[in-house]
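First up is the structure itself, then whatever we jot down about it.
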Amino acid sequence: MNSNDFPKKYDYPTVEKKIAQYWEDNEIYKFKHGAGNDKIYAVDTPPPYVSSAHLHVGHVMSYSQAEFIIRYKRMKGFNIFYPMGFDDNGLPTERYVEKKYKINKSKITREDFIDLCLKETKAGIETYKSLWKSAGISADYGLSYSTIDERSRKTSQKSFLALYDKGLIEKRNEPILWCPKCRTSLAQADVLIEEFGGVLYDIEFNSMSGKSLIISTTRPELLGGCVAIYANPGDERYKSLKDVRIKIPLYDRDVPVKYDESVDINYGTGLMMVCTWGDASDVIKWKEDKLDTFMIVNGAGRLNELSGNYSGLNVKDAKKAIVSDLRELSLIKGEKPLVHHVGVHDRCETPIEFILAKQWFVKILEHKERFINAGNAMKWHPEFMKTRYDEWINNLKWDWNISRQRFYGVPFPVWYCSDCGEAIVADEASIPVDPVTNPPHIDKCPKCGGKEFKPETDVMDTWMTSSMTPFINTSWAYGRDADNGLFNKVYPMSLRPQAQEIIRTWLFYTVVKSIYHTDIVPFENIMISGWGLDKNGKKMSKSQGNFVDPENIIAKYSADALRYWASKAGLGQDLRFNEEDVVNGRRLLIKIWNAARFLITNVHRGFNPHEKNITEIKIGQVDKWIITELENTLKICETDMESYNYSSSLRTATDFFYNVYCDNYLEIIKNIFWEEDGKNDDRKNTVLNVMYFVSLNVLKIFAPFLPFITEELYLSFYKNFENDKSIHLSAWPEFDKGLVFDDSVKIVGILLNILDASRKLRTGLNLHQNHRASKLLIKTLNPDYIEVINEISGDIMSAARVRRIVFSDKADFKTGDDALFISIEK
RNA sequence: GGGCGGAUAGCUCAGCUGGUUAGAGCACCGGUUUUACAAGUCGGGGGUCACAGGUUCGAACCCUGUUCCGCCUACCA
């Protein structure tokens, strides 16, 4: 570009589109597989579940934050393995489709439903890709994966087969967590605890000997499922009940009394009704004490025939009916409102129930210690997030149930013998298979010789696939040598960036799988981002309607400006969205543009920044000072980036750029460019070289954050003198001790004190910005200053916009330096 | 119930292992437009660092307790 043509305004909508295209056309972010650079930095990209139109600026925030580090690593010379993932299988997508088309799984065929899911998935992927690209996310889109594609299905099924072989997966018939709305079983990680207002009913029971007993419960509708009454073994009141049976009100049934330490003497009357099953403690007691089983709630959340008169009612209506009947019999002796905590399905917020069912489980309870150790073997950023991981593992109560009674997911590679029920798992060569459409590889049941087989119709938990991302990415399912040994090169991966709410799912399950399959932790570093909050500090979400559309913000202020906002929160910190910060980002861009413009438009023909080394040209004190300040900045920025403290890095860079480089250095030197041609040519050339050196390095430390504008300036100007085809492939500027001139910093400190004071005086004198005052009077109490001031008098006059400097005792305005006073005469 | 994070200017936030007079941006007030930038620039006002104790020559920072906000976790049914 001809420097005279350099645009006055930064036209970011046009430029950002153009630059994004440049990156794509030139494969700037392509992973160089097999090209010799084995200094690999591998990222396990989060695959957010694909349902277009729920994306908000918070998503851009967390992706950007990880990407700041990734871009930095790229400039540090790493060969970046950065695939883009799209999570599109499983219940989240199904829920999205159900809502969008107002259907549910009982009113549509499996095939039609899957078709709709695939259609939405495809649309979702396009929306995501387009947003990530416009936000400048530097993934290698050629490495994209979707969790429903063939490679993912093969990987999940291979994992299933491998763990089945190791005895780490098994099918069991036991009480499981169940969502009556989605009609599927769930894992503990799919359940959230929510606060509910409820009522604690004191209900009168009678022992068979006629003794009246008051028992408190929040779930009278489960009376029909009551299988025992518990008391604390130390509770004197109830010791006599040993061997006594208790009659259940409304039902013609009686149950035993049992004792357990877990019963709180002070809660209610100290008696506890245990049912099949109201909560986890019921299940535990049922297992430990081998209680009877009276399952009165069915999979649809309705009471069944075992409940007698209440059969067919849903849980809520049954509660009303039973309470009303108990009232009529005067068996309700008390009602206390209380707040209690109920587990709900995280996708639909329906309270979960326990039902008995045959399900596939990945055993995890017996290996908790290994997972805790794995957590300790990875570096957490920020550190305190590891607590959540540890806490989750320590509190696990159930093995990981991976069966889902749904349609859209990866099928189990399993059939059952119609005669004896024996499970037949697929052979590895045939996966991925869908047992509903594919026959098994054998024609005879190995156990009973039966020739008929039924497919497993459940699908796997979506996390069964997502937990395999490091393996999907590296084609592990095709053998460890597949894809030129990619797995061995990339695994374990350098970085797992992700949001905090999926520590217990995506992260935990990935660790489980990785440990089981390889016995090696999957990541060196884990980076946990906070949430994007709305203006009022509430979490942004589609359902709350308080989300900000990133496309609009990018269109209005540019992607770089949005990324600037994203840099404001440190790791693990939530960040409020306020448009002011985006506006500030745009201001920074404009400032960068204009500072570059000053250099570019002053560069003469024949300018060559590499003719001599920066130290070999005749640099003055102010040049040495600005170079020193730059070096100190580079040092801090590098330290910050190395410790994932990107926020501080950008702040430091911005401070230097604004307050030191623009407001002071450029202000001090710019006057020389106003002189007639021919005058000061040497000095001009020196200053241009210094500006080139400083501004290019500043641009580089801005580059991870503001990839578009830095690239635009690089390509349109700096690249004329540099070799790299993108600033993002250029080398991160290393701190150079040889470019630190502490004496110059001291000397220029005097100048800056004078400049600062003179600005105050000029404001007081109402002087025009560029008015050249006639005299600057200086008084100094430090004789050493005189020589220094004489040496840099040209710069002082230039900076303070004065024609002459005079040492005079009349100077009476104290500067920031106690030994230095100045005055200005108009 | 247990735990984690936070509370600093009107607003959004910096403030390193304790060290002069606690910073920035926005907002507010005033000056200033041919000479990189008015989406600018220069200057100014504005804070009992949540509260109460303690340690120290010295505390926004360390310790103890309290309050409020957010979150994680939990078998008082």
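Just so it is clear: chains get the letters A, B, ... in the order the sequence lines come, proteins before strands, and each one is counted from 1. Given the structure is predicted, the values throughout are model-derived calculations rather than measurements.
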Heavy atoms only, 4.0 Å cut-off, all strands: where does A:Glu391 land among base, sugar-phosphate and nothing?
base
Report the residues that fulfil side chain to side chain contact (heavy atoms under 4.5 Å, CB included) with A:Asn546, sequence neighbours left out, ordered by chain and then residue number.
A:Asp534, A:Lys538, A:Met540, A:Ser541, A:Gln544
Contact class for A:Lys760 (heavy atom, under 4.0 Å): base, sugar-phosphate, or nothing?
sugar-phosphate
To the nearest 0.5 Å, atom CG of A:Leu751 lies from atom CD1 of A:Ile668 at 4.5 Å
A:Asn584 or A:Thr387, whichever maps to the more 5' nucleotide of RNA chain B:
A:Thr387
Considering only heavy atoms from C-beta outward, does the side chain of A:Asn685 approach that of A:His604 to under 4.5 Å?
yes
With a 4.0 Å cut-off on heavy atoms, is A:Lys397 in touch with a base, just the backbone sugar-phosphate, or nothing at all?
sugar-phosphate
Mind checking ring pair (Phe, Tyr, Trp, His ring centres under 6.0 Å) for A:Trp178 and listing every partner two or more places apart, or none if nothing turns up?
none
Report which part of the nucleic acid A:Gln188 touches: base, sugar-phosphate, or nothing (heavy-atom distance under 4.0 Å, all strands).
sugar-phosphate
Test ring pair (Phe, Tyr, Trp, His ring centres under 6.0 Å) applied to A:Tyr230 - qualifying residues, sequence neighbours left out:
none
Donor-acceptor contacts, no H, no angles, side chain residues 648-655 of chain A, under 3.5 Å, sequence neighbours left out:
{"unit_1": "A:Ser648", "atom_1": "OG", "unit_2": "A:Asp640", "atom_2": "OD2", "d": "2.6"}
{"unit_1": "A:Thr652", "atom_1": "OG1", "unit_2": "A:Ser648", "atom_2": "O", "d": "2.8"}
{"unit_1": "A:Thr654", "atom_1": "OG1", "unit_2": "A:Leu650", "atom_2": "O", "d": "2.6"}

Which part of the nucleic acid, if any, lies within contact of A:Asp264, taking any heavy atom under 4.0 Å across all strands shown: a base, the sugar-phosphate backbone alone, or nothing?
base
How would you label the contact of A:Trp593 with the nucleic acid (heavy atoms, under 4.0 Å): base, sugar-phosphate, or nothing?
nothing
Measure up the A:Phe673 and A:Phe598 rings against each other and bin them: parallel (under 30°), tilted (30 to 60°), perpendicular (over 60°).
perpendicular
Within the 4.0 Å heavy-atom criterion, would you say A:Asp663 contacts the bases, only the backbone, or no part of the nucleic acid?
sugar-phosphate
Could you work out the separation of B:A38 and B:U34 based on their P atoms and round it to a whole Å?
12 Å
Span that lies between the C1' atom of B:G58 and that of B:U20, in whole angstrom:
11 Å
Mind checking A:Ala595 for me? I need base, sugar-phosphate or nothing, with any heavy atom below 4.0 Å counting as a touch.
base
Given the P atoms of B:C29 and B:G65, what is the spacing between them in whole Å?
47 Å
Base, sugar-phosphate, or nothing for A:Lys8, non-hydrogen atoms under 4.0 angstrom?
sugar-phosphate
B:G43 and B:G25, which share atom name P, separated by this distance in whole Å:
10 Å
Tell me, which stems hold RNA chain B, with a stem being 3 or more Watson-Crick or G-U pairs in a row and both distances under 3.5 Å?
B:1-7 with B:67-73, B:10-13 with B:23-26, B:28-32 with B:40-44, B:50-54 with B:62-66
Which part of the nucleic acid does A:Arg586 contact within heavy-atom distance under 4.0 Å: base, sugar-phosphate only, or nothing?
base
Here's a test of your reading of the structure: between A:Tyr12 and A:Asp574, which maps to the more 5' nucleotide of RNA chain B?
A:Tyr12
Residues passing the side chain to side chain contact (heavy atoms under 4.5 Å, CB included) test with A:Gln573, sequence neighbours excluded, are A:Ala569
Using side-chain hydrogen bond (donor to acceptor under 3.5 Å, both in side chains) as the criterion, list what pairs up with A:Lys316, not counting sequence neighbours.
none
A:Pro13: partners by side chain to side chain contact (heavy atoms under 4.5 Å, CB included), with sequence neighbours left out:
A:Asp11
Remember a base hit wins even if backbone is also touched, and classify A:Arg762 as base, sugar-phosphate or nothing at under 4.0 Å, heavy atoms.
nothing
Separation between the P atoms of B:U67 and B:A52, rounded to whole Å
15 Å
Sugar-phosphate, base or nothing in reach of A:Asp756, heavy atoms under 4.0 Å
sugar-phosphate
With P as the reference atom in both, quote the distance from B:G53 to B:C61 in angstrom, rounded to an integer.
14 Å
Its 5'-most and 3'-most nucleotides having an atom under 4.0 Å from a non-hydrogen atom of chain A, RNA chain B is contacted over B:G2 to B:A77
Rounded to whole angstrom, note down the P distance from B:C11 over to B:C51.
15 Å
Charged N to carboxylate O under 4.0 angstrom, A:Lys386 versus A:Glu383?
no
Between B:C72 and B:G54, how far apart are the P atoms? Round to whole Å, please.
38 Å
